[in-house]
Amino acid sequence: MAYNYPVIDLAPFITGGDAKKKEEVIEKLREACSDYGFFVAVNHGIPDQIMDNTMDATIGFFNLDLEEKLKITTPPGAPLAAGYTKEPAKSEHWQMFTPAPINVFPANPPHFKETMEEMWWKLDEAAVLVQSLLNDCLRLPKGTLAKYNDSRGTDILLGFHYLPATETEKTAVNAHRDNGLFTLVFENQVEGLEFLKDGDWIPIDPIPHSLVINVGDALQALSNDKMKSPTHRILAQPGKSRYAFVYGYMVAEEKWVEPMPELIGQTNESPKFKKFNIKEHMALKQVFKNPPPHWNDVVGVHYHAIAPSVGATAVTTN
Ligand SMILES: O=C(O)CCC(=O)C(=O)O
Ligand SMILES: [Fe+2]
């Protein structure tokens with residue numbers, strides 16, 4: 001089947017492949033991240049069975065009575081909002097952070113905690129691989145991105161249940177861009193995720209056991225605009241629930257994000273963005289609330305552009 005967006009087979013880095021095959025993958029990733037800002041990865045190393053177990057467990061959880069699900073609501077005053085949240089008429093989700101006592105898990109379905117923690121470490125492994133491939137795409141010295149992005153404190157895994165579309169609710173998640181380095185997504189073979197490219201929405205046609213991977217705002221800035229953080233949204237589907245896992249591979253909230261000196265030093269290019277941190281970037285997104293009047297106004301790193309021509313119209317916040 002032909003896709004109108006990049007579908008990239010990572011097998012040479014998983015099951016082994018010669019240097020030429022690996023370079024071909026890097027080339028495809030480089031193009032995908034600059035032209036689309038996203039790609040679908042197959043043979044990414046996460047076993048099908050683990051993805052299936054995770055999906056079954058999360059659907060089992062969402063099928064419980066509301067009273068049961070509310071038992072894992074975030075405890076008041078918790079420093080990170082782990083647990084269950086319901087957005088009336090649109091969706092419900094639960095979320096976890098790096099395995100630690102801060103996470104809250106339901107007693108049912110059985111083994112929910114173990115299933116999700118196993119998945120967490122597989123996603124982390126896939127993310128470490130993707131980070132190192134993107135490092136190569138940017139022609140950075142080995143390990144540069146990993147050394148920079150050395151805190152795993154705000155990585156997040158969300159399990160979503162998007163409710164079927166109704167007459168009044170057709171959008172499950174408004175157009176937005178992700179904050180972190182990149183995001184990994186997999187879902188239950190129900191469409192709905194769409195990316196904006198050159199003014200058109202591209203719907204993703206789910207491939208079983210694939211990962212949809214998109215660049216986040218931090219990576220767009222670190223790469224000095226070589227990689228783009230794409231605007232995306234989720235449409236609710238008539239008559240169908242969509243279940244999706246979203247794993248955000250983040251940059252620590254207080255860390256400076258700016259075009260990497262190792263990158264712009266090599267080519268003598270001018271930095272396109274002022275430095276910012278994810279905390280202030282997220283606050284900016286609160287100021288310019290979703291949904292914006294038009295999706296071209298979705299907040300992204302162009303709000304930190306040195307020259308207002310980068311990406312889209314820049315605005316000042318004061
Ligand atoms: O459900 C998805 O496919 C992605 C959701 C999303 O874009 C997000 O949580 O940032
Ligand atoms: Fe997103």
Side-chain angles (χ1 to χ4, degrees), residues 3 5 7 33 36-41 44 46 51 54-55 58-59 62 80-87 90-97 119-120 123 126-127 130 154-165 169-197 201-220 227-237 240-251 278 281-282 284-286 288-292 295 298-301:
Y3 295 92
Y5 48 84
V7 176
C33 292
Y36 291 79
F38 73 92
F39 57 94
V40 175
H44 41 67
I46 304 180
M51 294 179 112
T54 314
M55 191 55 78
T58 216
I59 295 175
F62 287 127
L80 290 170
Y84 175 78
T85 309
K86 190 170 170 68
E87 269 214 50
K90 272 185 185 289
S91 66
E92 51 183 344
H93 74 269
W94 67 269
Q95 61 191 42
M96 68 178 281
F97 300 88
M119 187 65 194
W120 177 278
L123 284 162
V130 170
T154 51
D155 293 346
I156 184 167
L157 176 61
L158 304 105
F160 278 102
H161 171 204
Y162 301 106
L163 305 183
E169 289 291 348
K170 305 212 181 301
T171 306
V173 179
N174 292 318
H176 68 281
R177 298 181 190 188
D178 293 347
N179 296 312
L181 203 64
F182 51 79
T183 307
L184 312 179
V185 170
F186 66 98
E187 83 301 78
N188 66 325
Q189 306 313 301
V190 171
E191 56 281 17
L193 173 57
E194 301 193 343
F195 288 96
L196 192 62
K197 180 177 183 333
W201 287 103
I202 304 184
I204 297 296
D205 189 4
I207 300 177
H209 301 115
S210 64
L211 287 176
V212 183
I213 303 182
N214 67 268
V215 171
D217 290 346
L219 183 55
Q220 181 171 352
M227 297 183 168
K228 310 286 185 200
S229 172
T231 295
H232 54 287
R233 67 179 181 188
I234 314 295
L235 296 187
Q237 300 300 303
K240 277 191 275 190
S241 275
R242 178 170 182 270
Y243 296 92
F245 280 94
V246 180
Y247 180 70
Y249 203 60
M250 306 303 288
V251 167
I278 296 299
H281 189 60
M282 293 196 309
L284 195 61
K285 290 190 178 182
Q286 287 305 312
F288 296 94
K289 274 210 185 321
N290 267 331
W295 47 72
V298 163
V299 177
V301 284

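Remember, it's 1-based here, ligands and their atoms both numbered in the order they're listed. Computed from heavy atoms alone, side chains included, the values below leave out hydrogens, waters and symmetry copies.
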Fill in: For atom 8 (C) of ligand 1, the protein heavy atom that lies nearest, with its residue and separation
His176 NE2, 3.7 Å
Worksheet item: Who's the nearest protein heavy-atom neighbour of atom 3 (O) of ligand 1, and how far?
Response: Arg242 NH2, 2.8 Å
Those atoms of ligand 1 less than 4.0 Å from some heavy atom in [X]:
X	result
Val185	3 (O)
Ala244	1 (O)
His232	7 (O)

Fill in: Heavy-atom pair with the smallest gap, counting every atom of Ser241 and Asn188
O-ND2, 3.6 Å
Worksheet item: Which atoms form the tightest heavy-atom contact between Met51 and Leu211, and what is the distance?
Response: CE-CD2, 3.8 Å
Fill in: Given Phe97, Tyr247, Phe245, the one that forms ring pair (Phe, Tyr, Trp, His ring centres under 6.0 Å) with Trp120
Tyr247
Under 4.0 Å, heavy-atom basis, I'd like to know which part of [X] is in contact with ligand 1: side chain, backbone, both or neither.
X	result
Ile234	side chain
Asp178	side chain
Glu187	neither

Worksheet item: Parallel, tilted or perpendicular: which fits the ring planes of Tyr249 and Phe182, with parallel below 30° and perpendicular above 60°?
Response: parallel
Worksheet item: Where does the angle between the aromatic ring planes of Tyr36 and Phe38 fall among parallel (under 30°), tilted (30 to 60°) and perpendicular (over 60°)?
Response: perpendicular
Worksheet item: Quick one: are Phe62 and Tyr243 in side-chain contact, heavy atoms under 4.5 Å?
Response: yes
Worksheet item: Hey, does Asn179 have a side-chain heavy atom less than 4.5 Å from the side chain of Met250?
Response: yes
Fill in: Where the Fe ion (ligand 2) is the vertex, angle from His232 NE2 to His176 NE2 to 10°
90°
Discussion item. Less than 6.0 angstrom separating the ring centers of His232 and His176, yes or no?
Written reply: yes
Discussion item. Given Tyr162, Phe160, Phe245, identify the one with the heavy atom nearest to atom 1 (O) of ligand 1.
Written reply: Tyr162
Fill in: Which N, O or S atom of Asp178 lies nearest to the Fe ion (ligand 2), by name
OD1
